[in-house]
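In what follows, a single structure is set out as structure tokens and then discussed.
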Amino acid sequence: MSQILDGNRVRDLIKAECGPRVQRLHERAGRPPGLAVVLVGSNPASQVYVRNKTKTASDLGIYSETITPDPAITTEGLLKLIRVLNGRPEIDGILVQLPLPGHIDEQAVLLEVAPEKDVDGFHPLNMGLLATGRPGLRPCTPAGVIQILKRHDIPMAGRNAVVVGRSTIVGKPMALLLLAENATVTICHSKTKDLAAVCRTADILVAAIGRAAMITADYIRPGAVVIDVGMNQVTDRAEAERIFDAAKLEAFEKRGSLLVGDVHPGDMARLASAWTPVPGGVGPLTIAMLMQNTVEAAERRTGCAPDA
Ligand code: GUN
């Protein structure tokens, strides 16, 4: 029997740990942690993500506000808005929901967020702190993967970890975080030769590609730990037949679409010693880690660190 790595349980643990820290900040700093979320445009997925983020913040007693500028806002306009948020003392965390509309210079915007308020961990300074092994705010999704592994007592030191995908949001910071845990890390991408063979060297395989069930049986060494970061909506019937078992296919017929990760769910369950389901694996951690980063940013900014 393989072990299902339960992201919802780890999320609940991390949220529960934030509670007393928020309380403590209230008592010592006289205010809750504050999070500002900037949402430009009307991307439906982004709207759902942002609602979930602010709802979770409110559940934990974290102050949050969502700023929705005119979708036609220019890069310069957005930079000005970020500067205002950088200067507001009661705001500890600033999150600019991605993707931004095409006419906006995303890199320039992410660079403008004050590094000490960069709760997404996307600022080059925070990336540099991660790369050089110093404390800083870490990107939420890969930090959540590390929490899943640690809290299921899965050792990383000395093990071969293969990360498929080299994005700035997941792949690259994931590799650096695994390296910081003393794993032997390989990063793969679209130009990697014989990807399946490289993946089969993995004790810990992390898939962050963004392609539905691309990682199939011949990529997975029997007994490997498989972490599926992907979230893909399958709408094509033939594709659904390739991916899902009979019960899931029935659900697909009813809904017309179904969520799947980057790893073939049946192959993963059959071959992996431990694996994250989609949904219910890595997904729930992203928001929990955002809350933890917001609390941490508030503790640092107010000088109320737990051991201070
Ligand atoms: N869009 C998809 N994932 C993320 C994330 O982790 N942070 C932000 N800001 N936008 C995203």
Side-chain angles (χ1 to χ4, degrees), residues 7 11 14 34-57 62 64-69 71 73 75 78-79 81-82 85-86 91-102 104-115 117-127 130 136-148 163 165-174 176-177 206-211 227-233 259 261-262 276 278-279 281-294 296-297:
R11 170 202 59 197
I14 289 168
L35 173 67
V37 180
V38 180
L39 172 63
V40 188
S42 51
N43 180 318
S46 289
Q47 286 173 330
V48 173
Y49 288 142
V50 166
R51 255 202 315 277
N52 288 339
K53 286 169 184 176
T54 52
K55 157 103 178 45
T56 308
I62 294 172
S64 77
E65 59 185 71
T66 306
I67 299 145
T68 52
I73 191 168
T75 298
L78 203 48
L79 295 181
L81 170 63
I82 304 280
L85 294 172
N86 285 344
I91 294 296
D92 301 294
I94 301 168
L95 180 146
V96 182
Q97 186 63 33
L98 304 178
L100 287 167
I104 291 175
D105 181 348
E106 199 163 282
Q107 292 295 331
V109 171
L110 296 181
L111 195 60
E112 199 65 29
V113 175
K117 296 191 178 188
D118 170 38
V119 284
D120 255 331
F122 294 164
H123 191 285
L125 182 85
N126 281 317
M127 286 288 181
L130 168 60
L137 293 162
R138 307 302 199 216
C140 300
T141 301
V145 170
I146 297 291
Q147 288 301 315
I148 290 183
V163 179
R166 57 174 156 180
S167 70
T168 310
I169 294 182
V170 183
K172 274 185 212 158
M174 184 77 257
L176 289 167
L177 285 165
V206 181
I209 323 150
R211 286 185 58 184
I227 304 290
D228 190 352
V229 184
M231 282 219 280
N232 311 287
Q233 206 71 38
L259 194 68
D262 291 343
T276 56
V278 176
V282 175
L285 265 300
T286 301
I287 294 181
M289 297 313 291
L290 173 67
M291 298 301 123
Q292 196 185 78
N293 276 353
T294 304
E296 200 171 304

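These values consider heavy atoms only, across backbone and side chains, with no hydrogens, waters or symmetry-generated copies. Note that ligands are numbered from 1 as they come in the structure, with each ligand's atoms numbered from 1 the same way.
- Of the inter-residue distances, the one linking L125 atom CG with M127 atom CE reads 11.0 Å to the nearest 0.5 angstrom.
- Between the side chains of T286 and T141, at least one donor-acceptor pair of N or O atoms lies under 3.5 Å.
- Of all the atoms in ligand 1, the ones that sit under 4.0 Å from a non-hydrogen atom of L95 are 9 (N).
- Enclosure of atom CD in Q107 is not indicated, since only 12 or fewer non-hydrogen atoms of other residues, nucleotides or ligands lie within 6.0 angstrom.
- Residue contacts with ligand 1: Y49 is excluded, as none of its non-hydrogen atoms falls under 4.0 Å.
- Interatomic distance, N126 CG to K117 NZ, rounded to the nearest 0.5 Å: 14.0 Å.
- In this structure, the protein non-hydrogen atom closest to atom 1 (N) of ligand 1 is L98 O, 3.0 Å.
- If you check which protein heavy atom lies closest to atom 8 (C) of ligand 1, you get D120 OD2, 3.4 Å.
- For a threshold of 3.5 Å applied to N or O pairs, the pair formed by V96 and ligand 1 contains at least one separation below that value.
- Under the 4.0 Å distance rule, the nearest protein heavy atom to atom 3 (N) of ligand 1 falls outside the cut-off.
- Protein heavy atom at the shortest distance from atom 11 (C) of ligand 1 is Q97 NE2, 3.4 Å.
- Note that the CD atom of E112 and the OG1 atom of T75 stand 11.0 Å from one another [nearest 0.5 Å].
- Exactly one residue among D118, N86, V37, L81 makes a side chain to side chain contact (heavy atoms under 4.5 Å, CB included) with I94. That residue is N86.
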